[in-house]
Amino acid sequence: MVAATGNADTSVGHGELIKAVDHALTTHGRALLTGPAGAGKTEVVRAVAAAAEARRESVLRLAPEAADQWIPEASAAALLASVPGAALDQLSGPQRTAIALLRREADAPRAGRDHIALRLAVVEVLRTLAARQPVLLVLDNAQWLDAESTDLLRFALRLTPPRVRVLVAECVQGGAPVGEPLCGPGVPVIRVPPLGADEVAELLVRHCLPARLAGRIHQASGGNPRLALALGHSLAEAAEARDSSAHHADPLPVSGQAREVARRLLAGVPAQARRTLLLAALAARPTTSLLRRAGRPDAEAELAEAERAALVRVGEDGTVEFTAGALPTALAADAGWPERAAGHAALAAAVDDPVQAVRHRALAVDTPDQWLAAEITEAAAACRRRGQRVLAAELGLLAAERTPSWLAGEELARLVAAAEDAGWAGRADLARRAARAVLARDASSADRVRARLAVIDAAGQALGALDETFAYAMDEAAGDPSLQAAVQLRIAWKHNLSDGDPVRSRDAAAEAGRLAALGGDQTAEAMALTVRARMGRILGDTDAEEILAEALALPAPEVPLGMRNAPQYLAVRHALFDDRLADARRQLMVLLPAVQRTGSAEDVFEVLRSLTEVELRSGRCEAASAHARRALELTIEAGLSPGPAWYVAAMAEATGGSFARAAGYARRGIQASQEEQDQVFLSRNLHALGLVELATGEAAKAVATLRRVAALEAAQQVVDPSVLRWHGELAEALIAADAPGEAAGLLDRVGAVALRLGRTGVVAALDRARGLCLSAQGEADEAVHLLEATAQRFDALQLPLERGRTLLALARVERRRRRRAPARAALRAAAEVFGLAGAAPWTELAREPAPGEGGGAQAPAAAVLTEAETRLALLVSQGASNQEAAAKLFLSVKTVEARLTRIYQKLDVRSRAQLATALRTR
């Protein structure tokens with residue numbers, strides 16, 4: 001079987017697939033395209049047919065519908081109806097008669113027809129067409145061919161000449177496959193693969209749907225394009241109906257078009273297998289043994305049918321996983337209440353987890369029950385202890401539903417607990433549901449505030465749309481300093497994340513700390529001090545470390561608002577900013593199991609994010625990539641805001657994976673952060689993209705991107721350059737874009753701040769850019785000395801990747817002054833550093849040959865001309881004098897002379913004639 005994947009020009013994810021089909025048709029004359037409904041087979045078939053028509057081939061198309069399979073010879077008649085009349089003129093009388101009868105009376109009785117003549121006529125028509133020009137016979141939806149047409153085509157295709165090529169596309173589920181019998185043995189079978197998460201994001205963007213939902217839609221659709229789009233449109237419609245934007249953690253509505261697509265995917269499954277699939281859909285962790293215990297003795301065979309239809313995957317240990325998350329939702333929704341209740345009752349008796357047994361028992365009935373509600377509440381508490389906060393929230397809501405009306409106090413307590421569990425887990429849909437129920441009851445101000453705070457906590461980065469919730473919470477907290485402190489803390493977070501205003505955030509945190517001290521809440525007081533310290537670091541306040549130490553001195557119980565907001569975690573971030581990487585890593589390894597126990601997905605993500613950054617800066621790219629993958633998986637699974645996860649993935653790819661993938665992650669992170677008004681991670685994703693553009697030689701793009709970072713950081717009043725280190729990259733991009741003067745000014749301004757704050761790692765990064773700036777200004781010796789010293793400083797700081805990048809810069813400077821041996825030595829040293837770190841894309845950059853290796857005028861990628869240099873080089877190579885070039889480019893003659901000197905150095909040429917030859921070669 002031929003597997004094919006890739007990106008697309010014609011349709012998302014199908015570029016390489018179309019090439020694979022073309023190759024199969026060219027080499028074998030036949031190709032069979034398979035995949036589930038909605039996978040994109042028709043789009044591929046259309047693209048292949050269009051390409052054939054562009055080559056002036058004769059294309060015959062046949063695309064039967066479901067109803068056609070019951071009409072004898074309906075598809076054969078449709079095919080012949082598309083044949084040009086001239087191709088029928090050479091047929092014998094009986095053959096013309098047979099075709100005429102079929103075309104006029106496709107649904108008439110078949111007894112009087114000459115079927116032999118009809119078969120021979122089809123063969124003759126194909127031969128006649130092929131004699132004039134190559135023929136492509138395209139058969140889409142082959143699963144709907146009627147039996148008689150299938151027999152006729154099988155006979156005809158055995159006798160057609162090689163100039164008749166055949167492409168058959170059929171759905172993998174439902175009935176016996178017909179594609180292989182039609183095409184003959186040995187036909188290349190090309191399966192349409194599911195789209196990856198990147199391709200789903202691209203698909204959503206093309207259809208103007210929110211990119212931040214790409215991860216969850218990919219998971220729910222299993223990469224099926226039609227289902228992904230249907231889910232995206234359903235979410236957009238649901239958001240419009242409630243007059244708000246779709247939240248990243250909202251449940252995906254499998255309704256309308258999305259449910260119809262899911263039904264089509266499930267349509268080919270026999271009734272018995274469908275009952276087994278329903279049980280698997282209702283179970284939390286379905287396995288074949290569980291399904292057998294629940295009354296499905298033939299579970300393995302029935303699941304095998306579903307697996308052949310690409311609906312489930314069955315592991316070696318018997319675990320059952322649906323290929324698309326929307327399928328179990330659709331199964332449960334389409335089943336009636338009696339069938340679902342019976343399924344839950346069967347599972348309650350079969351599961352071995354007491355918590356799941358209680359859950360299934362509760363879902364098997366729909367009447368209030370005091371004792372059952374108490375059992376569910378105990379099960380929710382068990383989940384809370386296990387760190388299973390999502391399940392605790394779901395059980396809390398279920399317990400409230402099963403609570404009799406005369407126990408209103410218990411019902412309210414269960415709703416508030418469910419809301420807080422949902423807030424911990426980042427499940428905005430569950431938090432809103434519980435909060436609405438609390439606010440609809442006669443709840444105390446404290447309970448109302450707790451419910452509103454849960455909604456805020458579940459919102460993740462998307463705090464910008466919750467102004468009304470903040471206002472109500474503040475009003476209802478009046479008179480209770482502890483509650484007011486809790487609300488003020490969230491306001492401080494919002495000012496930082498959504499408003500990009502660290503000054504207001506710091507002030508709100510100071511007020512939160514005052515209120516917390518007044519209410520005797522030391523935990524909230526410590527968190528308020530933590531926010532003050534974090535904002536102080538951003539603003540360059542020299543007392544930020546003292547404030548953090550004050551927070552750390554307070555008692556540190558189990559933090560109810562999340563470890564990510566605790567002083568212990570900020571201490572880790574400061575260690576990372578200060579390049580104390582060993583300290584940061586050691587503390588993170590202590591925090592990781594602690595946050596996993598709490599059940600807060602956002603806390604676990606934050607620790608994984610910091611671990612990724614620590615490992616990257618330490619030169620352990622493989623470990624960093626593993627942490628980044630876990631962070632991304634957790635984000636999708638828990639429905640967290642995707643902007644931070646895409647930033648982490650972008651940085652891991654930019655260092656240890658692929659520049660192209662890094663750019664894709666960064667662009668999606670930019671869009672998601674913009675959609676959620678997250679200023680903090682908008683800056684970070686832009687920085688990741690700018691880094692990639694700089695590394696890949698796109699200096700002008702890098703300048704534009706990194707200037708956006710500079711503008712955002714200025715708007716956010718960020719002073720400390722160690723928090724997000726974009727300054728050196730922007731300076732390097734400006735130098736590459738022929739603006740060394742602007743780069744020097746930036747380096748002077750930022751360098752003074754970095755020296756004042758004692759940020760030695762930042763100073764070293766700025767000095768790397770300063771070395772390139774000196775080289776661009778003609779001070780090569782000073783540049784070399786500075787870069788050599790900077791490489792040694794990075795070695796002492798144990799920042800290997802920064803050292804490698806400095807050695808690359810040194811090689812570039814040495815090349816420009818035509819010292820090839822030192823340039824090669826620096827490149828080899830850089831390649832060794834990057835290789836040991838597992839920094840694959842940077843290793844490739846360090847393997848670029850020095851000028852003169854393998855072809856004289858061919859310059860390495862690192863010495864590519866800037867746009868300004870290219871314009872001048874073209875003018876001069878075409879005969880313009882320095883004075884003429886200066887006039888045309890609105891430059892001084894002196895600037896032209898200096899720029900021309902740099903061009904000669906980059907291309908290793910010594911005359912205008914050699915320059916013209918070098919440009920032609922390039």
If you define the side chain from C-beta out and look only at heavy atoms, does anything of [X] sit under 4.5 Å from [Y]?
X      : Y      : value
Leu515 : Ser482 : no
Pro721 : Val753 : yes
Phe605 : Pro644 : yes
Leu576 : Arg617 : yes
His495 : Met535 : no
Val355 : Gln388 : no
Leu724 : Val718 : no
Leu391 : Arg359 : yes

Which atoms form the tightest heavy-atom contact between [X] and [Y], and what is the distance?
X      : Y      : answer
Gly513 : Glu525 : O-CG, 4.2 Å
Ala584 : Ala575 : CB-CB, 3.9 Å
Thr530 : Ala551 : OG1-CB, 4.0 Å
Arg630 : Leu592 : NH1-CD2, 4.3 Å
Ala431 : Val455 : O-CG2, 3.8 Å
Ala451 : Ala419 : CA-CB, 4.4 Å

Main-chain N/O of Arg580 paired with Asp578 side-chain donor or acceptor, under 3.5 Å:
no
Donor-acceptor check, side chain of Arg432 to backbone of Leu430, threshold 3.5 angstrom: yes or no?
no
Inspect the contact between [Y] and [X] and indicate whether a charged nitrogen and a carboxylate oxygen are less than 4.0 angstrom apart.
X      : Y      : result
Arg585 : Glu615 : yes
Asp541 : Arg506 : yes
Glu613 : Arg609 : yes
Arg504 : Asp507 : no
Asp353 : Arg386 : yes
Asp442 : Arg448 : no
Arg514 : Glu511 : yes
Arg537 : Glu546 : no
Asp421 : Arg427 : no
Arg725 : Asp579 : yes

Is it the case that more than 12 heavy atoms not belonging to Tyr472 sit under 6.0 Å from its OH atom?
no
Check the surroundings of atom CH2 in Trp337: do more than 12 heavy atoms from other residues, nucleotides or ligands lie under 6.0 Å from it?
yes
Please name the residue in the list Asn496, Leu539, Ile538 that meets the side-chain contact (heavy atoms from CB on, under 4.5 Å) test with Val503.
Leu539
If we check side-chain contact (heavy atoms from CB on, under 4.5 Å) with Tyr665, which of these qualifies: Ile670, Asn685, Val648, Leu632?
Leu632
Go through the steps for Tyr569 and Asp603 under the test side-chain contact (heavy atoms from CB on, under 4.5 Å), then give the verdict.
CA-CA 10 Å; Tyr569 182 66; Asp603 282 353; over 6 Å; no
Taking atom types as modelled, find out whether [X] and [Y] have a side-chain donor-acceptor pair closer than 3.5 angstrom.
X      : Y      : answer
Glu476 : Ser445 : no
Arg668 : Gln671 : no
Ser683 : Gln716 : yes
Trp726 : Glu713 : yes

Pick from Asp499, Asp457, Asp678: which one makes a salt bridge (Lys or Arg N to Asp or Glu O under 4.0 Å) with Lys494?
Asp499
Separation between OG of Ser505 and CZ of Arg532, rounded to the nearest 0.5 Å
11.5 Å
Roughly how far, to the nearest 0.5 Å, is the CG atom of Leu497 from the CG atom of Leu463?
6.0 Å
Tell me, with the steps shown, if Leu453 and Arg450 meet side-chain contact (heavy atoms from CB on, under 4.5 Å).
CA-CA 5 Å; Leu453 293 180; Arg450 289 169 63 193; 5.6 Å; no
In sequence, state the C-alpha distance, the side-chain angles, and the governing distance for Tyr647 and Ser673, and then conclude on side chain to side chain donor-acceptor pair (under 3.5 Å).
CA-CA 10 Å; Tyr647 163 70; Ser673 298; over 6 Å; no
Go through His344 and Val365 one step at a time and tell me if the side-chain contact (heavy atoms from CB on, under 4.5 Å) criterion holds.
CA-CA 9 Å; His344 282 299; Val365 298; over 6 Å; no
Begin with the C-alpha distance, continue with both residues' side-chain angles, and end with the deciding distance and a verdict on side chain to side chain donor-acceptor pair (under 3.5 Å) for Ser498 and Gln679.
CA-CA 6 Å; Ser498 301; Gln679 303 302 306; over 6 Å; no
Could you walk me through whether Thr403 and Gln370 pass the side-chain contact (heavy atoms from CB on, under 4.5 Å) test, one step at a time?
CA-CA 6 Å; Thr403 302; Gln370 173 185 359; over 6 Å; no
List the steps and the verdict of salt bridge (Lys or Arg N to Asp or Glu O under 4.0 Å) for Arg433 and Glu401.
CA-CA 12 Å; Arg433 182 177 151 197; Glu401 290 176 4; 2.7 Å; yes
